[in-house]
Asker: 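The structure follows.
Side chains included, hydrogens not; waters and symmetry mates left out as well; all remaining heavy atoms used.
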Amino acid sequence: MMRTLRTVLPLLAALAGASALAAQQRAEGFQAGDVIRLDVEGDTMFTGTFTVGPGPVLPLPEIGDIPLANVRRSDIEPYMQQQLGRYLRNRVVRAKALIRLSIVGEVERPGIYPVPIDLVLADAIMLAGGPTREAKFSATRIERGERRLVDGNRISQAIARGQTLDDLNLRAGDAIYVPAEARRDPESKWRIIGILVTLPAAIYGVIRLTGSN
């Protein structure tokens, strides 16, 4: 019994640690490199896209750095309304969190796109023109550096459920990669044609040989 507990308890602790880490990563919110789109009614200085810096903070002209620690990306609009309300009176403030994603592989317009975090995964792929004819869409995967975050059945489930980029906890710099279908050996086609061309002659030769006997 004790031996079983000694085996099980570390496993449970590891699982709990992994869950806590995932929750912590989700609670961290913004990362350096994320983008925030601000639209301040009647003000051109604070209307535009601004890149999150280390801290994380949002550097703004004249005001300086707005701290973003412990601010969830989904809560950015009310937070920025509060922060900018200290400097701007009676202004309507809109704010949306964006992240820069690489959408590459077999898509019509591969590249780096600033996309809102509440965008669903399928729509993010369509920003790059959608998959090409050579794409193996079922093998699409999401990568962070050399590590695969999401692939296989989970990608299909995410698309079917309409999950957003925030649901998948994507960050600036992540990549959506759509691979190509495995290509057939081009020489095999010519080998098959060669066989089909020579086959009637071979059959005719066998018939003549059989008839002569």
Side-chain angles (χ1 to χ4, degrees), residues 7-37 49 51-52 54-56 68-79 95-185:
T7 303
V8 172
L9 288 176
L11 178 59
L12 293 175
L15 291 173
S19 299
L21 179 60
Q24 180 184 358
Q25 289 174 338
R26 194 168 186 80
E28 281 176 357
F30 288 95
Q31 302 287 321
D34 287 349
V35 177
I36 295 176
R37 168 71 187 180
T49 55
T51 302
V52 176
L68 294 174
N70 301 319
V71 178
R72 293 177 180 272
R73 295 184 295 188
S74 57
D75 296 334
I76 188 59
E77 184 163 290
Y79 179 75
K96 185 177 285 291
L98 309 176
I99 54 175
R100 288 191 176 96
L101 292 181
S102 297
I103 306 175
V104 292
E106 288 298 330
V107 290
E108 294 291 347
R109 297 186 299 275
I112 299 174
Y113 293 84
V115 295
I117 60 166
D118 57 356
L119 190 68
V120 299
L121 176 59
D123 288 347
I125 295 172
M126 291 308 297
L127 284 178
T132 66
R133 292 182 179 181
E134 290 76 27
K136 186 177 181 181
F137 191 66
S138 61
T140 299
R141 60 183 182 265
I142 299 173
E143 301 175 339
R144 181 171 296 164
E146 297 181 355
R147 182 163 62 95
R148 291 190 183 186
L149 297 181
V150 187
D151 58 8
N153 290 334
R154 194 178 167 200
I155 282 283
S156 301
Q157 292 170 1
I159 292 174
R161 294 172 181 171
Q163 287 188 298
T164 67
L165 305 178
D166 202 32
D167 291 332
L168 297 168
N169 201 28
L170 297 196
R171 303 288 185 191
D174 290 346
I176 300 173
Y177 177 71
V178 182
E181 286 278 5
R183 297 178 182 269
R184 295 180 180 178
D185 180 6

Asker: With the side chain counted from C-beta on, respond yes when Q31 and I99 share a heavy-atom pair under 4.5 Å apart, and no when they do not.
Answerer: no

Asker: How many angstroms lie between CD in E77 and CD1 in I36, if you round to the nearest 0.5 Å?
Answerer: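 It comes to 11.5 Å.
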
Asker: Ignoring hydrogens, what is the shortest heavy-atom contact between D34 and G29? Give both atom names and the distance.
Answerer: OD2-O, 4.4 Å

Asker: Kindly compute the distance separating OG (S138) from CG (D151), expressed to the nearest 0.5 Å.
Answerer: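 With rounding to 0.5 Å, OG (S138) is 11.5 Å from CG (D151).
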
Asker: So L121 and I142, side-chain contact (heavy atoms from CB on, under 4.5 Å) or not? Walk me through it.
Answerer: CA-CA 10 Å; L121 176 59; I142 299 173; 4.2 Å; yes

Asker: For residues D167 and T164, is any side-chain donor paired with an opposing acceptor at under 3.5 Å?
Answerer: yes

Asker: Would you name the heavy atoms of S74 and I117 that are closest together and state the gap between them?
Answerer: N-CD1, 4.0 Å

Asker: Without swapping roles, check the side chain of E181 against the backbone of E134 for a donor-acceptor pair under 3.5 Å.
Answerer: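 Not confirmed, E181 side chain does not pair with E134 backbone.
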
Asker: What is the distance from atom CG of D123 to atom CG of D118, rounded to the nearest 0.5 Å?
Answerer: 10.5 Å

Asker: Counting C-beta onward and ignoring hydrogens, is there a side-chain heavy-atom pair between I159 and F137 closer than 4.5 Å?
Answerer: yes

Asker: Work out which heavy atom in P131 is nearest to a heavy atom in E108; give both atom names and the distance.
Answerer: O-OE2, 4.2 Å

Asker: Return the minimal non-hydrogen interatomic distance between I112 and P114, and the atom names on each side.
Answerer: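 That would be O-CD, 4.2 Å.
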
Asker: Tell me the closest heavy-atom pair linking V52 and F30, and the distance in Å.
Answerer: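 Looks like CG2-CD2, 4.1 Å.
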
Asker: How many angstroms lie between atom CZ of R154 and atom CZ of R148, to the nearest 0.5 angstrom?
Answerer: 14.0 Å

Asker: Does a side-chain heavy-atom distance below 4.5 Å link I76 with L68?
Answerer: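 They are in side-chain contact.
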
Asker: If you apply the rule side-chain contact (heavy atoms from CB on, under 4.5 Å), what do you find for L149 with N169, and how did you get there?
Answerer: CA-CA 10 Å; L149 297 181; N169 201 28; over 6 Å; no

Asker: Quick one: does any side-chain atom of R141 pair with a main-chain N or O of G152 as donor and acceptor, under 3.5 Å?
Answerer: no

Asker: Quick one: does L127's side chain get under 4.5 Å of L119's, heavy atoms only?
Answerer: yes

Asker: Rounded to the nearest 0.5 Å, what separation is found between the CG atom of L165 and the CZ atom of R171?
Answerer: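 Spacing of CG (L165) from CZ (R171) equals 12.0 Å.
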
Asker: Walk me through it: do I176 and V104 pass the test side-chain contact (heavy atoms from CB on, under 4.5 Å)?
Answerer: CA-CA 6 Å; I176 300 173; V104 292; over 6 Å; no

Asker: Provide the closest heavy-atom pair for A128 versus I103 in the form atom of the first, atom of the second, distance.
Answerer: CB-CG2, 3.6 Å

Asker: Taking the side chain as every heavy atom from C-beta outward, state whether L101 and Y113 have any pair of such atoms under 4.5 Å apart.
Answerer: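 With C-beta onward as the side chain, the pair stays apart.
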
Asker: Measuring from atom CG of L98 to atom CZ of R73, what distance do you get when rounded to the nearest 0.5 angstrom?
Answerer: 10.5 Å

